[in-house]
Structures are given as C-alpha cells and as structure tokens.
There are 2 protein chains.
Amino acid sequence: MNLSFTEENYIKAIYHLSDAGNKAVNTNTIADEMNTAAASVSDMIRKLSDKDMIVYKKYHGVNISDQGKSVALQVIRKHRLWEVFLVEKLNFHWDEVHDVAEQLEHIRSPLLIKRLDDFLEHPKIDPHGDPIPDENGNISIGPQYPLLDMKIGTNGVITAVENSTSKFLKHLDNKGIRLGIKFVIKDHDEFDDSMQLELETGESIFLSKQVSENLLVRQI
Amino acid sequence: MNLSFTEENYIKAIYHLSDAGNKAVNTNTIADEMNTAAASVSDMIRKLSDKDMIVYKKYHGVNISDQGKSVALQVIRKHRLWEVFLVEKLNFHWDEVHDVAEQLEHIRSPLLIKRLDDFLEHPKIDPHGDPIPDENGNISIGPQYPLLDMKIGTNGVITAVENSTSKFLKHLDNKGIRLGIKFVIKDHDEFDDSMQLELETGESIFLSKQVSENLLVRQI
DNA sequence: AAATATTTTTAGATTTGTCTAAAATAATTT
DNA sequence: AAATTATTTTAGACAAATCTAAAAATATTT
Ligand SMILES: [Mn+2]
Ligand SMILES: [Mn+2]
Ligand SMILES: [Mn+2]
Ligand SMILES: [Mn+2]
C-alpha cells in the first residue's frame, strides 16, 4: 500500500487520538489535531476507509484497523528513532527534535531504518521517554502514570513527557527536571492541584497542575 | 522562498543539465531527465520563471538564475552529505545510497545540515567522488577528466564516477575499481575505444568505452 | 417531543502537478 | 523558398488535498 505523507500523518493522529486503537475518534477531534477543516477530514476519512486503514460508519467516528495500527506504529518507530539520532549523534537538544523528526518519519527505506536502529544500538525510548516500537510494532515498556495522580509520600522516577513542545521542555529545563530524575512527593494542594516534590538532589521544587499532568512517572 | 520537493528536483535537474549554469537547457531535455511529458515541463518552467529560479524565453530554452543556482547547490549539498552519512556511518554500499539521498535531500532544517556536516567532519566529496558544496555553495575540488580522454602512458588516480546507477557501480566492484585507485594506461584501442590499465596492485584490467567515459580521473 | 445546538457530511471551488491531443513555432531538408 | 519534420506551447482534463458554505444527521435542552 503506497500512502502519501498526508495519509501517514492522519493515520498517526488517529492512532494517538484513539489511545492506540482503544476508542473511536470524532471528525472534529481529528480536524483539531491536524489543523484542518472538518470537511477535509471527512474527505480523508473516506479515503483511509477505502484503503482499509480505518473502519468508518458515517456520523459515528472512526476506529483504526489492524492494518492502520501497524502503519501508525512504523511511522512512530521512525519518528522516535530519528529523534534519538538527533539528540545522541547530532547534539540536538530535546526541544529541537520534533519538527525535524516530523519530516524524517516519512522517508521510505526499510534498510535505512534497520541500519539506523543498529547504529543507535536498538534504543527502547526516545528523548522524551516515549517507547520505540520494534520492527513488528511491539512496545516493551512498562506502564507509566501522570505525576498528578501520585499520592503524597510516593517515591518515583520521571520517565516521560506527555507534551513535547519546545515551550514545555524549556520550562522543565528551567526547573531542573529531566528524565530519570528521582523524587518523593511532599505536598499536593487541593485547591489548584499544585505539587511540591523533593528531588534526589535534595532540592525542593514546586509544580503547577499544567506541569504535573504532562509528566509521566513510575513508582519505585 | 518556499519550494516544493518537485520544484527543487526540477531546479537541480536544470542545474546539472546546464553544466552548472553554463548553457541553456531545452524543454525536451528536462522532460527526458525528469521522466515527464514536455507539456508538464512547460508548465513548471513558467512557474520557476515566475519565482525567478530560471530565465526563460519562450521557445528558446531556460537558463538557471543565480538564485536557482544557489538553491540547486544547497539541495546537492544535502544529497551528498546524506550519502556520506549513509556510507560512513550506516554501512551502506555506494550503490545503495542514491535513492534514499534523493528523499533526504528535501528535508528542511538548516540546523540539521550544519550538525550533520559537523558530525561527518566536513567531508569534501561524496561516496562517488562528487564534490560537496559548502554552506555558501562553493566547491573546492580541482578539475577531473574522463578516463577515456587520457593518453597511453599516463599515470592517474580514479577520483569519481559520472554514473551512480547500481548496475554501473556493481560492475566496477566486479572489476575491482574503486575511488582512489592508481593506474597507468597501457593501451587504448582505436576501433572500439577500449582501454587496458595496469593498477597499482600490478593487476591488469580491460575497460570498455562505456566504463572509461564514466570514470573521472586526475593525472599524477 | 419539540426546539435548539452541535457535529458531520456534501456541494462546489481552488491549487499543484500531472497527462494527452492539438496548435504554434522553429529547424531542417528538399 | 517551400515543404517537411521536430520542438514547444496551449487547451482542456484529472487526481490529491485543501477550503467555505450549505445541508443533513445527531445530541442536548427545554
Ligand atoms: Mn516527536
Ligand atoms: Mn509527519
Ligand atoms: Mn546521488
Ligand atoms: Mn530529489
């Protein structure tokens, strides 16, 4: 199946918005994510349905098919491998890689991806902590939870960011937050959901809800 | 100026076909190179002329402009840098890189190219011996000549291939010919322009005209 | 259950890059 | 210099991806 860049981008968006295929996605939700008019999404939905990438019932949203899921996972694999390359080999900062990876993810060459994966020594996560699917689309990373949901007293490690925008990542840099950092939760304010953490360095930091809901952690 | 992949490909083709801007190029010549109908080339020529990439006089071919030349050189720079990356870092063979580079050359990110160039330690030639223009489009490689034009008795070194097709490169592999190899010309047959070379290894090889006209050399 | 609001689809355009067939121009041959 | 041939351009069409505006379907409120 030969898919255009645009089709690949829609499939990837639908995959993400459907929670990896666990729920149906609305036209407007896709339009929002893709920054297009709802009418354009309707057109594309018909096309992707004809190509069996999604299952579509008029007026009732779309579900991604197994084939669509596999396409999405391959694009995501490429995107994340390239991000690792940019950070590890070309000294990009984690807030500079996304837009370039958005282009590189559409390069078509199975050999290139195989060799890139070898060169990078088969990384399992990208610079934002997101898992990299293997050649078969399998993901081998344990579950992660939003920091916001952790109780006071919990010990944990920051494993991923839910938001890869430059603005958010720069904010984390300013706060001294990076992947792998260990913490214990000291306080969680009922009023505004702000949290106070003590880092492994002994430093104490204050996080707003906008931050803690976009940080994924594992308990330790 | 925001150019599409297609426009970039046309500009690059016109640059090459015009001998780096030294002569006008015909519609049919471009059509042939791009594998499109002459009518499509006429359409694109108007567009590129509107964008000041070429200078165009109806029915009299096109000349590449300074702006067009600079665009072409940047695309060529990217193409060749990626080819170096594929061979040097990802262990591609020199006959496997062209099609992938044809895709990678259109990735838009000045930072990426700068960092890639740093990572590769500022290579001056690509895996086929072709010079890599610098950020300003300057090429710093001495002149090279077709092996076919060298006289009997000449000592030389093979510096580049004029033809990067997999078929040709595999043929060179079979003959044991690579860039950098030194030789002396032992014979040049008048009838079919076949040549006999003695390599630095002592080995003697026979080359048809189809091969010698596609090998560039420097005298030593 | 109506009325109203929201969501989704369709209708009809537009832009980009392509095509074939026909017309126009230029080049070559007689 | 005419006639013929070759090259190039124009005319008209099509597929892909997008848009706005209007119509249709669904969901929510009264
Ligand atoms: Mn990303
Ligand atoms: Mn993309
Ligand atoms: Mn090449
Ligand atoms: Mn190209």
Side-chain angles (χ1 to χ4, degrees), chain A residues 1-15 17-18 23-65 68 71-72 75 102-103 105-108, chain B residues 1-15 17-18 23-65 68 71-72 75 102-103 105-108:
Chain A
M1 181 73 49
N2 225 25
L3 299 161
S4 69
F5 287 17
T6 308
E7 288 170 327
E8 285 187 349
N9 283 336
Y10 270 92
I11 293 168
K12 193 176 61 149
I14 292 167
Y15 175 85
L17 295 170
S18 71
K23 62 182 196 206
V25 187
N26 296 327
T27 300
N28 270 346
T29 311
I30 300 170
D32 211 65
E33 173 76 15
M34 301 294 291
N35 290 302
T36 53
S40 309
V41 174
S42 275
D43 291 342
M44 182 54 80
I45 279 175
R46 162 142 327 114
K47 240 180 94 186
L48 293 179
S49 177
D50 289 347
K51 295 191 174 189
D52 289 321
M53 293 293 143
I54 57 179
V55 180
Y56 167 51
K57 246 197 76 186
K58 259 190 204 174
Y59 289 102
H60 291 86
V62 303
N63 284 277
I64 196 159
S65 69
V71 167
V75 175
E102 206 57 47
Q103 299 179 60
E105 72 187 4
H106 302 291
I107 302 288
R108 255 175 266 275
Chain B
M1 181 73 48
N2 226 23
L3 298 162
S4 69
F5 287 17
T6 307
E7 289 170 327
E8 284 187 350
N9 283 335
Y10 270 92
I11 292 167
K12 193 176 62 147
I14 292 167
Y15 175 84
L17 294 171
S18 70
K23 62 182 195 204
V25 186
N26 296 327
T27 301
N28 270 347
T29 310
I30 300 169
D32 211 65
E33 173 75 14
M34 300 293 293
N35 290 303
T36 54
S40 309
V41 174
S42 274
D43 290 341
M44 182 54 81
I45 278 174
R46 159 137 333 112
K47 239 179 96 186
L48 293 179
S49 177
D50 289 348
K51 295 191 174 190
D52 289 321
M53 293 293 142
I54 57 179
V55 180
Y56 168 50
K57 246 196 78 187
K58 257 190 204 176
Y59 289 102
H60 290 87
V62 303
N63 284 278
I64 196 158
S65 70
V71 167
V75 175
E102 206 56 48
Q103 298 179 61
E105 72 187 3
H106 302 291
I107 302 289
R108 255 175 265 275

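Because the structure is a prediction, the values reported are computed rather than measured. Numbered from 1 within each chain, the chains take letters A, B, ... in sequence-line order.
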Students often get this wrong, so: under 4.0 angstrom with heavy atoms, is [X] touching a base, only sugar-phosphate, or nothing?
{"X": "Phe5(A)", "value": "nothing"}
{"X": "Asn26(B)", "value": "sugar-phosphate"}
{"X": "Ser42(B)", "value": "base"}
{"X": "Ser40(B)", "value": "base"}
{"X": "Tyr10(A)", "value": "sugar-phosphate"}
{"X": "Thr6(A)", "value": "sugar-phosphate"}

How long is the line joining [atom1] of [X] and [atom2] of [N], in whole Å?
{"X": "Arg46(A)", "N": "dT18(D)", "atom1": "CZ", "atom2": "P", "result": "16 Å"}
{"X": "Ile45(B)", "N": "dT7(D)", "atom1": "CD1", "atom2": "P", "result": "15 Å"}
{"X": "Lys57(A)", "N": "dT26(D)", "atom1": "NZ", "atom2": "P", "result": "9 Å"}
{"X": "Asn28(A)", "N": "dA27(D)", "atom1": "CG", "atom2": "C1'", "result": "13 Å"}
{"X": "Leu3(B)", "N": "dT15(C)", "atom1": "CG", "atom2": "P", "result": "19 Å"}
{"X": "Ile30(B)", "N": "dT18(C)", "atom1": "CD1", "atom2": "P", "result": "13 Å"}
{"X": "Asn35(A)", "N": "dC19(D)", "atom1": "CG", "atom2": "P", "result": "9 Å"}
{"X": "Glu7(B)", "N": "dT18(C)", "atom1": "CD", "atom2": "P", "result": "10 Å"}

In plain terms, say whether Lys12(A) and Glu33(A) are close enough for a salt bridge, that is, a side-chain N and a carboxylate O under 4.0 Å apart.
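So Lys12(A) does not pair with Glu33(A) through a salt bridge.
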Return the 5'-most residue of the pair Lys58(A), Thr27(B) with respect to DNA chain D, ranking by each residue's nearest nucleotide.
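Looking at DNA chain D, the more 5' nearest nucleotide goes with Thr27(B).
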Side chain of Thr27(A), backbone of Ser42(A): donor and acceptor closer than 3.5 Å?
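Flag not set: sc Thr27(A) to bb Ser42(A) has no pair under 3.5 Å.
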Looking only at non-hydrogen atoms, find the nearest pair between Ser18(A) and Ile64(A) and report the distance.
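Minimum heavy-atom contact is OG-CG2, 4.2 Å.
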Of the nucleotides [options], which has the atom closest to the [X] side chain?
{"X": "Asp43(A)", "options": "dC19(D), dT10(D), dT9(D)", "result": "dC19(D)"}
{"X": "Ala39(B)", "options": "dT18(D), dT20(C), dT25(C)", "result": "dT20(C)"}
{"X": "Tyr59(B)", "options": "dT25(C), dA25(D), dT18(D)", "result": "dT25(C)"}

Under the salt bridge (Lys or Arg N to Asp or Glu O under 4.0 Å) definition, can you give me all pairs with a residue in residues 49-60 of chain A, not counting sequence neighbours?
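Of all non-adjacent pairs touching residues 49-60 of chain A, those that pass salt bridge (Lys or Arg N to Asp or Glu O under 4.0 Å) are Glu7(A)-Lys51(A).
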As an exercise, state the distance from CG of Asn9(A) to CD of Glu102(A), rounded to the nearest 0.5 Å.
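Taking CG in Asn9(A) and CD in Glu102(A), the distance rounds to 5.5 Å.
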